[in-house]
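Written out below as structure tokens is the structure these notes cover.
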Amino acid sequence: MFKVISVTGHARRGEFTCAHGGTVHTPVFMNVGTQAAIKGGVSAHDLKAIGCQIELSNTYHLHLRPGDEVVRTMGGLHKFMDWDGPILTDSGGFQVFSLAALRKIKEEGVSFSSHLDGHHIFMGPEESMQIQSNLGSDVAMAFDECVENPTTHDYAKQSCERTYRWLERCKQEHDRLNALPDTVNPGQLLFGINQGATFPDLRIWHMQEIAKIDCDGYAIGGLAVGEETQVMYDIIDAVEPYMPADKPRYLMGVGTPSNIIEGVARGVDFFDCVMPARNARHGKLFTWHGTLNIKNERYQTDPLPLDPDCDCPVCRSFSRAYLRHLFKADEVLALRLSVLHNLYFYNQLMERIRETLDAGTFETFRARYSGKLEERIAD
RNA sequence: GGGGGAAUUCCCGAGUGGCCAAAGGGGACAGACUGUAAAUCUGCUGUCUACGACUUCGGUGGUUCGAAUCCACCUUCCCCCA
């Protein structure tokens with residue numbers, strides 16, 4: 001269920017509820033735990049402490065390991081990872097893009113060579129739905145093709161027409177599985193995904209078509225894959241008027257803090273991105289004053305917390321000098337603390353966005369921070 | 001006391017006459033990262049008035065058109081025998 005509480009320009013405040021957890025307040029950032037774990041040694045238990053409302057896991061990866069049947073046997077993803085909040089599963093569509101060298105696309109679906117051992121895997125709309133049903137996530141994503149950038153209009157057209165046909169099959173299979181007596185999560189929702197590369201005409205056509213299929217939410221996929229940032233914003237602007245206003249909107253895989261602020265301003269409700277976790281593991285940390293690379297020599301004897309304006313568990317306790325030391329000494333704690341901080345920052349960013357939307361000061365917030373939060377911290 | 005071996009750029013370690021400012025690791029320094037094949041990948045690591053020049057391979061002195069590489073002595077370290 002989704003309810004729009006208020007609209008400021010195009011930006012929306014909303015409430016989302018699903019089979020698990022309480023109310024998800026949107027706009028929201030989904031914390032990414034691809035393999036039922038946040039990389040860097042962060043467990044589902046830690047998610048609460050860093051303000052995570054909803055977690056995201058991956059169909060392809062969990063199908064390969066441990067296997068969705070295993071997860072089903074263990075009672076579903078929520079029990080398996082001991083997270084009782086909402087879980088959205090990505091469909092494997094992104095792996096059609098990221099594992100391009102290892103797959104072949106046909107109308108029926110996609111053949112992959114497992115990146116783990118090379119064995120043959122077939123995944124089409126039905127398989128993706130079955131796996132996500134076994135995982136028991138709260139939101140299943142439609143199986144789509146995330147097209148690489150750049151591409152031709154011809155290919156993008158052919159691809160998003162196929163993705164449309166795949167959504168019809170996803171919807172049918174999803175409804176069938178949800179109705180089975182022993183399904184893991186009968187309340188599982190389905191989100192459709194808009195494609196069309198960087199071509200507004202295809203994007204709009206595709207959005208209009210998938211809106212006719214009754215999904216519980218709609219995502220914009222295939223962006224932030226190498227195109228200029230402004231192109232991404234332009235596509236969102238073009239598609240947004242055609243997205244059902246009463247359904248949640250999810251901008252997949254995005255993005256930087258500024259991308260998120262700009263996405264919210266354009267009417268997006270859900271985001272997810274590996275960036276905060278991956279950058280954290282690589283020592284690049286977000287603060288309200290800009291980014292910093294904690295491994296840099298300048299922090300060797302810096303007694304300040306990562307961000308003096310952050311009240312996350314890491315900033316409350318540890319100095320930059322200590323964090324830097326942990327990185328230089330290859331301690332896994334460096335990864336854990338950094339990931340906790342960056343995810344807290346992202347979750348806090350969303351909270352500030354929601355607060356300023358409620359207070360009517362979002363545009364001030366946007367003007368102050370959009371385009372700024374990725375810049376290197378000033379001395 | 002006798003015999004043998006070794007000293008290379010921050011570290012380890014290749015290199016035994018020109019293709020050597022010197023392989024390869026490591027470390028240091030810096031950068032990238034957008035629905036995670038990423039605790040990964042990339043660059044850089046003698047000096048400079050920098051597509052060229054200069055100074056380096058324990059020290060000094062030789063041989064040679066040319067030496068990190070050959071010779072002599074010196075210094076330091078390691079191993080074996082007493």
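Within every chain, numbering begins at 1; the chains are lettered A, B, ... in the order of the sequence lines, protein sequences first and strands thereafter.
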TODO: Would you mind building the protein contact string for nucleotides 34-40 of chain B? One character per nucleotide, 5' to 3', B for base within reach (heavy atoms under 4.0 Å), S for sugar-phosphate only, - for untouched.
DONE: BBBBBBB
Could you work out the separation of [N] and [M] based on their [atom1] atoms and round it to a whole Å?
N      : M      : atom1 : answer
B:rG13 : B:rA7  : P     : 9 Å
B:rU47 : B:rA22 : C1'   : 16 Å
B:rG15 : B:rU8  : P     : 14 Å
B:rU64 : B:rU16 : C1'   : 16 Å
B:rA39 : B:rC33 : C1'   : 14 Å
B:rU34 : B:rU42 : P     : 16 Å
B:rU45 : B:rA21 : C1'   : 12 Å
B:rA14 : B:rA23 : P     : 14 Å

Task: Distance test, side-chain N/O of A:N293 to OP1/OP2 of B:rA30, below 4.0 Å - done: no
- [ ] May I ask you to establish whether A:R266 and A:Y233 are in a cation-pi arrangement, using a distance under 6.0 Å from NZ or CZ to the six-membered ring centre and at most 45° from the ring axis?
- [x] yes
TODO: Flag this pair as yes if the NZ/CZ of A:R203 is under 6.0 angstrom from the six-membered ring centre of A:W205 and inside a 45 degree cone about the axis; otherwise no.
DONE: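 Not flagged: A:R203 not positioned over aromatic ring of A:W205.
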TODO: Could you check A:R12, A:R249, A:R13 and say which one makes a side-chain hydrogen bond (donor to acceptor under 3.5 Å, both in side chains) with A:D269?
DONE: A:R12
Task: Atom NZ of A:K104 with >12 non-hydrogen neighbours under 6.0 angstrom - done: no
Atom pairs and distances, donor-acceptor, side-chain atoms in residues 272-280 of chain A, under 3.5 Å, two or more places apart:
{"unit_1": "A:D272", "atom_1": "OD1", "unit_2": "A:Y250", "atom_2": "OH", "d": "2.7"}
{"unit_1": "A:D272", "atom_1": "OD1", "unit_2": "A:G253", "atom_2": "N", "d": "2.8"}

Task: All side-chain hydrogen bond (donor to acceptor under 3.5 Å, both in side chains) counterparts of A:H282, not counting sequence neighbours - done: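 Checked A:H282 against side-chain hydrogen bond (donor to acceptor under 3.5 Å, both in side chains); zero matches.
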To the nearest angstrom, how far is [X] atom [atom1] from [N] atom [atom2]?
X      : N      : atom1 : atom2 : result
A:R298 : B:rA28 : CZ    : P     : 19 Å
A:Y299 : B:rC29 : OH    : P     : 13 Å
A:F327 : B:rG27 : CZ    : P     : 15 Å
A:E374 : B:rA32 : CD    : P     : 12 Å
A:I377 : B:rG31 : CD1   : C1'   : 18 Å

Open item on the list: What's A:R376 touching, base or sugar-phosphate or nothing? Going by heavy atoms closer than 4.0 Å.
Closed with: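 Sugar-phosphate, backbone atoms only, no base.
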Open item on the list: What's A:K328 touching, base or sugar-phosphate or nothing? Going by heavy atoms closer than 4.0 Å.
Closed with: sugar-phosphate
Open item on the list: Using the ring-ring contact (aromatic ring centres under 6.0 Å, His included) definition, which of the options A:F143, A:F94, A:F112 pairs with A:Y60?
Closed with: A:F112
Taking a pair as Watson-Crick or G-U wobble with both distances under 3.5 Å, which nucleotide is matched to [N]?
N      : value
B:rA32 : B:rU40
B:rU63 : none
B:rU16 : none
B:rG46 : B:rC54
B:rA7  : B:rU75

- [ ] Would you mind checking if A:D307 and A:R320 are paired as a salt bridge, meaning a charged N to carboxylate O distance below 4.0 Å?
- [x]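 Salt bridge absent between A:R320 and A:D307.
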